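Predicted model, so just to flag it, every value in this text is computed and none were measured. Both backbone and side-chain heavy atoms feed into the values below; hydrogens, waters and symmetry mates do not.
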Amino acid sequence: MVAPTYPRPRRRLVGQPLLYAISMFASLGVFLFGYDQGVMSGIITGPYFIKFFGTPTAIEVGSMVAVLEIGAFITSVAAGRIGDIIGRKGTLFIGAVVFTIGGAIQTFTVGFWSMVIGRIVSGFGVGLLSTIVPIYQSEISPPSHRGALACAEFTGNVAGYAFSVWTDYFCSFIESDRSWRIPLFLQCVIGALLAGGSLVMPESPRWLIDTDRDTEGMHVIADLHGGDLLNEVAKLEFQEIKDKVILERELGEGRSYGMMWRKYKRRVLLAMSSQAFAQLNGINVISYYAPRVFEEAGWIGRQAILMTGINSIIYILSTIPPWYLVDRWGRRPILLSGAIVMGIALSATSFWMYLDVPWTPNAVVVSVIVFNAAFGYSWGPLPWLYPPEILPLIVRAKGVSLSTATNWAFNWIVGQTTPYLQEVIQWRLYLMHAFFCACSFILVYFFYPETKGIPLEEMDAVFGDGAPMDHLPLRRGSGDIQERGSYLSQSSLPPSQGGWFSRFLTRAGDTGGKDAGVYEPLTNSDGGGPEMYGYREEEEFELVDRETRRRTSLTALPS
């Protein structure tokens, strides 16, 4: 029995153009909730907004801003089950529609409570989108591109934030309530575009194969490999995904949250911790309240929004280097170095506000820009990349939903308490978040394994908590093929502990031994052929014990 072959698909884009087109469109989803996160920062300081809502208190402002996270938390928990039932593409469509409805309620709000309801409804959409987009992206992407594409996706998030800030700035010149209603209305336009476009996007091939829709799954894989249904690498990838699905079914452990927690507790906790510290490190003190931060430092009114806009441009630029570095350096060095720079920048912000001298406003702007740039390079994109790539297919949607729910829970805590803490503890607030940056450094240093270049189906070997796939071949760094069961060992995997300085700089698989580099760095190609997925045409793949696996499989592949 072999991977199914069918007539050539009719989709015009194939290979890398298709992959990049999917990634760019998926980025519209994160652009959407980036816009929603930033749009409130500029309008809450506007005179017409303040007048319309009767000079809201700090608690009321915090509620209008942060209540979105309550809705996002609820649906991000549910998104795991929804994504498994209706697929990644269907969840994306529903999330976009719900977000658009919430944006309409905010635009035509008649008071405080209708604004709160609109923010909650938008939050429902954001929760679905923020959970399913990273899953969809990771399941579409090849190992050699996975990190870069996830980082490019985060750039879309920051671009959405920057677009909202500049929209707020230009609309601040409008002398009416339209100065804040127009920015809110643009949410509806973006949401409608995403909903319409999601209808023509291909479904995740891993979800299709997992639900026994092998014909469609093979079509998508073939398209991603250049459109040739006879491509040997495409057929091999199909078979490996299918064998992984069959193996999980044979184990008969089910797909419940309880099973996930028992078997993959470490992975789930790491996924959740990455999202928790992405918020505790202080980004939404700036994203949600940057104009208030700059006003606190001495910039007044529209000048504070302008400084926020300038900061947002540098924020976008800072997200570009990880496109090239994340699949070269790895995840750990970027997270560790980012935590250091962020902690220093927040400490400097606190110090300048404490001094309160004539140059404090300019010094705070510089410190905030450095902080934002460090976050955009490190703890911004990687917590969206890490959870879906370390979690196995059988529980990926559920595990990522928990990590995303953690993001929104801590997002709400930070968003809700920041206006109050800015009034009560003032400059000490930034020292508190600098302390969390130090904690995140320690966490990554001791507990996060490197995942650079490792196929999703091989992540069990990194953590040692999944079923071995001894019947499939494993490629050595030199290109040799060897059975997984006889080659993989904890000593040959990317280190998660060791000498602190060497581990800080180490790259995935650099253990210094004979077998250093289990996973060879993958190469790029323009044609979307075998090299794109890390294989060479001259390599022969001998599938060990594959026939035995086929005869015992629970699900027959279509012939």
Side-chain angles (χ1 to χ4, degrees), residues 27-46 48-50 61-62 64-69 71-72 95-96 99-100 102-109 115 118-119 121-123 125-126 129-130 133 153-174 177-194 279 283-295 301-319 368-369 372 375-376 380 408 411 414-415 418:
S27 295
L28 186 59
V30 293
F31 180 97
L32 195 60
F33 65 84
Y35 183 92
D36 196 71
Q37 285 179 293
V39 71
M40 294 295 287
S41 68
I43 65 176
I44 59 176
T45 60
Y48 290 96
F49 181 90
I50 293 173
V61 171
M64 282 189 283
V65 172
V67 75
L68 176 135
E69 276 73 54
F99 181 90
T100 303
I105 297 173
Q106 293 176 60
T107 302
F108 301 104
T109 183
M115 174 63 82
R119 294 286 288 173
V121 173
S122 285
V126 166
L129 293 172
S130 60
V133 169
E153 178 184 293
F154 180 74
T155 300
N157 176 276
V158 179
Y161 167 74
F163 182 70
S164 71
V165 170
W166 283 104
T167 299
D168 287 345
Y169 175 73
F170 288 115
C171 287
S172 69
F173 291 93
I174 300 175
D177 285 346
R178 287 179 294 174
S179 62
W180 56 270
R181 291 190 189 270
I182 289 176
L184 293 175
F185 175 72
L186 287 179
Q187 297 175 102
C188 306
V189 177
I190 302 168
L193 289 174
L194 180 61
Q279 301 307 315
I283 183 58
N284 279 330
V285 174
I286 308 302
S287 294
Y288 285 164
Y289 302 108
R292 290 176 66 111
V293 173
F294 292 135
E295 284 186 343
R302 190 174 292 125
Q303 284 185 328
I305 302 177
L306 178 60
M307 291 300 103
T308 305
I310 294 172
N311 172 56
S312 70
I313 293 175
I314 298 174
Y315 191 11
I316 292 176
L317 296 176
S318 72
T319 66
V368 168
I369 286 175
N372 255 139
F375 181 86
W408 294 115
N411 208 318
V414 173
T418 291

TODO: For Y169, check side chain to side chain donor-acceptor pair (under 3.5 Å) against everything at least two apart and list the hits.
DONE: none
Task: Results of side chain to side chain donor-acceptor pair (under 3.5 Å) for S130 - residues two or more places apart only - done: W408
Open item on the list: Run the side chain to side chain contact (heavy atoms under 4.5 Å, CB included) test against I105 and tell me which residues pass, sequence neighbours left out.
Closed with: I101, V121
Open item on the list: Any heavy-atom pair between the side chains of T109 and R181 that's under 4.5 Å?
Closed with: yes
Task: Sequence-distant partners of S318, side chain to side chain contact (heavy atoms under 4.5 Å, CB included), two or more places apart - done: Y315, A373
Task: Derivation of the side chain to side chain contact (heavy atoms under 4.5 Å, CB included) call for L186 and V39 - done: CA-CA 10 Å; L186 287 179; V39 71; over 6 Å; no
Open item on the list: Which heavy atom of G103 sits nearest to which heavy atom of C188, and what is that distance?
Closed with: C-SG, 3.3 Å
TODO: Enter the distance from F31:CZ to I190:CD1 here, rounded to the nearest 0.5 Å.
DONE: 4.5 Å
TODO: Evaluate the side-chain proximity of E153 to V133: yes if any heavy-atom separation is below 4.5 Å, no if none is.
DONE: yes
TODO: For the residue pair Y35 and P183, establish whether any side-chain heavy-atom pair is separated by less than 4.5 Å.
DONE: yes
Open item on the list: Check this for me: F185, atom CZ, are more than 12 non-hydrogen atoms of other residues, nucleotides or ligands nearer than 6.0 Å?
Closed with: no
Open item on the list: Between V30 and F154, is there a side-chain heavy-atom distance shorter than 4.5 Å?
Closed with: no
- [ ] Using the test side chain to side chain contact (heavy atoms under 4.5 Å, CB included), find all partners of I369 that sit at least two apart in sequence or belong to another chain.
- [x] N311, I314, V365
- [ ] Name all residues meeting the side chain to side chain donor-acceptor pair (under 3.5 Å) criterion together with Q106; count only those two or more places apart in sequence or in a different chain, and write none if there are none.
- [x] S122
TODO: Check I174 against S179 and note the closest heavy-atom contact, atom names and distance.
DONE: O-CB, 3.5 Å
